[in-house]
S.K.: 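Structure provided below as structure tokens; questions to follow.
Just the heavy atoms: all of them, side chains too, but no hydrogens, waters or symmetry mates, feed the values below.
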Protein chains: 4
Amino acid sequence: MTQIKNIGVFTSGGDAPGMNAAIRAVVRAAMYYGIEVTGIRRGYDGMGKGDFFTMNRKSVSNIIQRGGTILKTARCDEFRTPEGRKAAYEHLVKNKVDALVAIGGDGTFTGAKVFGSEYDIPVVGLPGTIDNDLVGTDFTIGYDTAINTVVDAVDKIRDTAESHDRLFIVEVMGRDSGLIALRTGIATGAEAILIPESKTGLEGLLNRLEFGRKDKTSRIVIVAEGEDAGGAFEVGRLVQEKFPNYDTRISILGHIQRGGAPSCMDRVLASRVGAAAVEALRDGHRNEMIGLINGEIAYTPFEHAIKHHQGIDPNMIKLVEMLSM
Amino acid sequence: MTQIKNIGVFTSGGDAPGMNAAIRAVVRAAMYYGIEVTGIRRGYDGMGKGDFFTMNRKSVSNIIQRGGTILKTARCDEFRTPEGRKAAYEHLVKNKVDALVAIGGDGTFTGAKVFGSEYDIPVVGLPGTIDNDLVGTDFTIGYDTAINTVVDAVDKIRDTAESHDRLFIVEVMGRDSGLIALRTGIATGAEAILIPESKTGLEGLLNRLEFGRKDKTSRIVIVAEGEDAGGAFEVGRLVQEKFPNYDTRISILGHIQRGGAPSCMDRVLASRVGAAAVEALRDGHRNEMIGLINGEIAYTPFEHAIKHHQGIDPNMIKLVEMLSM
Amino acid sequence: MTQIKNIGVFTSGGDAPGMNAAIRAVVRAAMYYGIEVTGIRRGYDGMGKGDFFTMNRKSVSNIIQRGGTILKTARCDEFRTPEGRKAAYEHLVKNKVDALVAIGGDGTFTGAKVFGSEYDIPVVGLPGTIDNDLVGTDFTIGYDTAINTVVDAVDKIRDTAESHDRLFIVEVMGRDSGLIALRTGIATGAEAILIPESKTGLEGLLNRLEFGRKDKTSRIVIVAEGEDAGGAFEVGRLVQEKFPNYDTRISILGHIQRGGAPSCMDRVLASRVGAAAVEALRDGHRNEMIGLINGEIAYTPFEHAIKHHQGIDPNMIKLVEMLSM
Amino acid sequence: MTQIKNIGVFTSGGDAPGMNAAIRAVVRAAMYYGIEVTGIRRGYDGMGKGDFFTMNRKSVSNIIQRGGTILKTARCDEFRTPEGRKAAYEHLVKNKVDALVAIGGDGTFTGAKVFGSEYDIPVVGLPGTIDNDLVGTDFTIGYDTAINTVVDAVDKIRDTAESHDRLFIVEVMGRDSGLIALRTGIATGAEAILIPESKTGLEGLLNRLEFGRKDKTSRIVIVAEGEDAGGAFEVGRLVQEKFPNYDTRISILGHIQRGGAPSCMDRVLASRVGAAAVEALRDGHRNEMIGLINGEIAYTPFEHAIKHHQGIDPNMIKLVEMLSM
């Protein structure tokens, strides 16, 4: 067992609901094991500038239900340079931080991996991103909340779509991943989903509009922002061009998907992996992301978590189509 | 007392949460007074096509909490022609409908006024629009729900704005009216609001960004879609140009503002004016909108309701600025 | 114009959503006018113990959307004694607090009135209570949020009531006032409401169950906790005894009615009266509650606000019955 | 492959959010495979009385987001008798229903198992219960929504607990299972949870109140209704007796936990297992519950699903304690 005395914790990349629950779990679990915790503000940027503060039990009181991250987050170009990382390491040494918990996604772990290979400091990661696009965990912190936010928004849009007999093209987040679109498409009874992982979404949609049920009074199409037809506006343009009789509208859900009180599942996930991260550091783990697979804590090397992405189950794409017929 | 035997009810124009509660109130109040009710689908369009059905107590069971309108709504160009209105009148006569309750906004009442002047059928209106821009009622049905939806969305955006120290330009509905922007601007602690009724919003915003508090970590600006600087994208462009150091983001809330379960106040308002509309027809009222002013039922001639708009209280604009300092 | 230099602000009595928005408005408006603000914790209890702290713009950042009160609240028996009030006054003098804003209800203003008559310090009050039972304001801060919480809860209960064909007796807050029951009864399509202000609720309910529509599949009855038949359990017992064939269930909504993010209207109300309180003190007002009547700021002497209560509009009681037929 | 021509679908036992999404999936998937669907109202009760109707695509339009069950549910004593089951079977034969999908919990599958052993009709089940207490599926339909409802309610209670420095004993559903209490306890940062599966909850709570952190300003305790100390009122009594200085309050969340729009995850789960149930019947499955284990469709004999219950992970109980310190 490594003798960890002071864990630094930070959030990085896009914020996600449940990050605060994860921070709380790291702090409280560390206290439980008699380890001190240093909060690092604004991710790698604050690490490079020494923007540190000592955290205690009270620092994380009453935050489990808050969206966003009390540690803030930022992009940081300096950390991509050796000088930037050196400055960060020196601040850690000066503050006696001897281990790190990095909460974020792909970019966060890429930085952590490089840092961990250059300097002798154990780093573990927690999957904090609404996109759910990391391997090594069934779900990422924030995903469940984000899909509930989307579903709630589309339910509202459905009300007005039904009242006006309209076709709505709704764009959801997911630059490289259709996982938000996939589950919310099923959950909102969408006519079709267009996602980066599938090239036939647009064609399928146009086919259905041409040959499908004619008695439907409203239709919802969910488009992931990264799908290759060009986003909701372009899809809408194509649909309107080909089907001028449809009363088509566009809605870009945008940043509301990042905020809000985390769902129960996100809080539980964040709490479990947050506590497990502290225990992992005590047990000598490093350069690994701590996730939850099939209900059990799982450890995945950063290298593996970064390179691969959760695939899309083709049965679930088929399900969208089958159930919206 | 006019002997009304069969009231036709319809919704027209943009849908608004609470329209179903209003329909329910009209139907149930009519039943209470022994009057039959004919549902007319898709507003003036369905009236011109005779898309009618008999409603009873059960037709409106369990709809008080639903967004949208079970009677649907549509635009109708035919009704602007004498032939269109003649066709509508003939369908009403054939179906023995001898009075009408029109639920909608400006355009709805314009149609109702013309129709009521050409044909001898009493028509009263209920203010159903999220914009709150009608005189003759303190609030329109749907406004309270819409502003709660906006506030909920901006609270979520605030979470991510705080986490990233960002400035968000949020566009809300209101083509001719800043009333949604005004109240939601106060309620979300917005830095500034830009509305059609005021020409100095953009200038004020730029001034505040230049000379105001520098220690603020996040800022929200609420823009009504109809304000004259050109909408959220244009405002965002100007801010980014002048203040490139701000991390500025745009969010267009769009159609989520039209849907969702109506708030308690919208349901109560809809229920009160819906029942009052039936009583007004029995009492011989016609060509009037039934609203609620200072807690009391108020009757306003269509002509007056159409021509004037609720103004903006300058004290409330000042309040936005004072409290976000 | 009185030269106010330092305003003390506190919350007292039961907490209500929107109290934080009111505190924020008092602090920010005072700053705007160059007045300092002292936060007093736990109401009169903290005043008597000198639990004071200096507030600035940042003290109230990002609290407009939070339920509860950051100043906390408590009951205080000492303040009912002359010694208790003397201690409080001495702490105020020592801290150079020369005016007070008291946020709360009946009990709060009773204390303020006595205090203001014994010591020469201007005190104004803001109506902060979910019960809406004060004269001098159309709505109290917290009422709109509370009725939305009730409506949301009853909508959920309706889902299960419909599925099982059940009769639900739902108890809502309101020890002396049926105003929460009244509006939520209308908004949820309740069969009947039982409130302290009316003695015939139970009888009316039993009559309706005996002689009313038999084809209804679910029924909701809203009972104010203070109504004289003895609360939801007693009403449920009587209904079950007389109508054993109904599948009757009880639900006590309880303290969820006090919490949650305030609604848009509550935040706007709190912001308006909070800013107006500061201006009122500057203008020499004292011993008055600052409310909003017909959209305008209104000043009501504590004495009057305490002694009278908002009545119940009999037309609205009738409306419940008419629309749930 | 069995040649199924007409599937009967029904819901039984306590209703759960997502049942409508499951019904929709069964109907739409059956249509997709050219199978007819018969809706059976009020579970086994309606089956015994022949309360059947033909369902089509439109029968399940716009219900995916609704709480409750459009097929209604009821208890049925007759079905426990051979005569009751005989009547039910005769109605099925008369209506040419040649397979069944039963949506419910323990009791539902017990009935299905007996029925399937007496009569030659294939029956499969879908796990529809908020309690999550069935083996054969990671989560039951309704559980995720219910825990979000609890978390939302406790967040509200936390607001008022914080404001008043109170200890709240909150009772959640779970007569035989602490799974709702467990996850919501973690997610709300509860001080302790009391559940049927553990005998030491009360003792642990009293210990923590005696020896734990004294600087906590509010405390939440989650009690499953079935825990052996006697429910929230009895726990509250014991705490007040032993710790009179705590300001202790009780809240029974009750039936709000059964209603509301289903969460995204519940809709996806219901859609997946609903479609899988139709495919299972086509593939010759019978007397099995269709669940989701580790993201994959899983088939569990009714006998097994009934006899065993999901256990409680002791690590998660420990987590509650560790993180609320």
S.K.: How long is the span from the OH atom in Tyr299(D) to the CG atom in Asp283(D), to the nearest 0.5 Å?
M.R.: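 Answer rounded to 0.5 Å: 6.5 Å.
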S.K.: State whether a side-chain donor-acceptor pair under 3.5 Å links Arg24(A) with Ser271(A).
M.R.: no
S.K.: I'd like to know which of Gln65(D), Met316(D), Glu321(D) tops the heavy-atom pair count under 4.5 Å against chain A.
M.R.: Met316(D)
S.K.: Is the closest side-chain heavy-atom distance between Ile23(D) and Met55(D) below 4.5 Å?
M.R.: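 Yes. Closest side-chain heavy atoms under 4.5 Å.
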S.K.: Relative to chain A, which segment of Ala21(D) carries a heavy atom at a distance below 4.5 Å: side chain, backbone, both, or neither?
M.R.: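 Neither part.
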S.K.: Name the region of Asp313(A), side chain, backbone, both or neither, that has any atom closer than 4.5 Å to a heavy atom of chain D.
M.R.: side chain
S.K.: Can you tell me which portion of Leu323(D) sits under 4.5 Å from chain A's heavy atoms? Options are side chain, backbone, both or neither.
M.R.: both
S.K.: If you tally heavy-atom pairs under 4.5 Å against chain D, which of Cys264(A), Ser61(A), Gly185(A), Gly189(A) wins?
M.R.: Cys264(A)
S.K.: Counting only non-hydrogen atoms closer than 4.5 Å, can you tell me which residues of residues 157-165 of chain A sit against chain D?
M.R.: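 Near chain D, by residue number: Arg158(A), Glu162(A).
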S.K.: Have Arg208(D) and Ser324(D) got a donor and an acceptor in their side chains that come within less than 3.5 Å?
M.R.: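 Yes - a donor-acceptor pair under 3.5 Å links their side chains.
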S.K.: Checking Ser218(D) against chain A: side chain, backbone, both or neither under 4.5 Å from a heavy atom?
M.R.: neither
S.K.: Whether the Asn148(D) and Thr145(D) side chains hold a donor-acceptor pair (N or O, under 3.5 Å, no angle test) is what I'd like checked.
M.R.: no
S.K.: Can a donor-acceptor pair be found between the side chains of Arg166(A) and Tyr246(A) at a distance below 3.5 Å?
M.R.: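 Per modelled atom types, Arg166(A) and Tyr246(A) side chains form no pair under 3.5 Å.
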S.K.: Please classify the contact between Ile147(D) and chain A as side chain, backbone, both or neither, with a heavy-atom cut-off of under 4.5 Å.
M.R.: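 Ile147(D) touches chain A through backbone and side-chain heavy atoms alike.
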S.K.: Looking at Ile186(D), Thr184(D), Val151(D), Leu319(D), which one forms a side chain to side chain contact (heavy atoms under 4.5 Å, CB included) with Val268(A)?
M.R.: Ile186(D)
S.K.: Check each atom of Met31(A) against the heavy atoms of chain D and say whether the ones under 4.5 Å are side chain, backbone, both or neither.
M.R.: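 Met31(A) has no heavy atom closer than 4.5 Å to chain D.
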S.K.: Quick one: what part of Asp155(A) sits under 4.5 Å from any heavy atom of chain D, side chain, backbone, both or neither?
M.R.: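 Answer is side chain: those atoms of Asp155(A) sit under 4.5 Å from chain D.
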S.K.: Where does Asn62(D) contact chain A at under 4.5 Å (heavy atoms): side chain, backbone, both or neither?
M.R.: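 It is the side chain, since no backbone atom gets that close.
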S.K.: Is it true that Asn56(D) and Ser59(D) share a donor-acceptor pair across their side chains at a distance under 3.5 Å?
M.R.: yes
S.K.: So, Arg267(A) side chain and Pro262(A) main chain: donor-acceptor pair closer than 3.5 Å or not?
M.R.: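 A pair under 3.5 Å: yes.
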S.K.: Does Asp138(A) use its side chain to pair, donor to acceptor, with the backbone of Asn294(A) at less than 3.5 Å?
M.R.: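 Present.
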S.K.: Can you list everything that forms a side chain to side chain contact (heavy atoms under 4.5 Å, CB included) with Tyr32(A)? Sequence neighbours excluded, please.
M.R.: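 By the side chain to side chain contact (heavy atoms under 4.5 Å, CB included) rule, Tyr32(A) matches Lys318(D), Met322(D), Met325(D).
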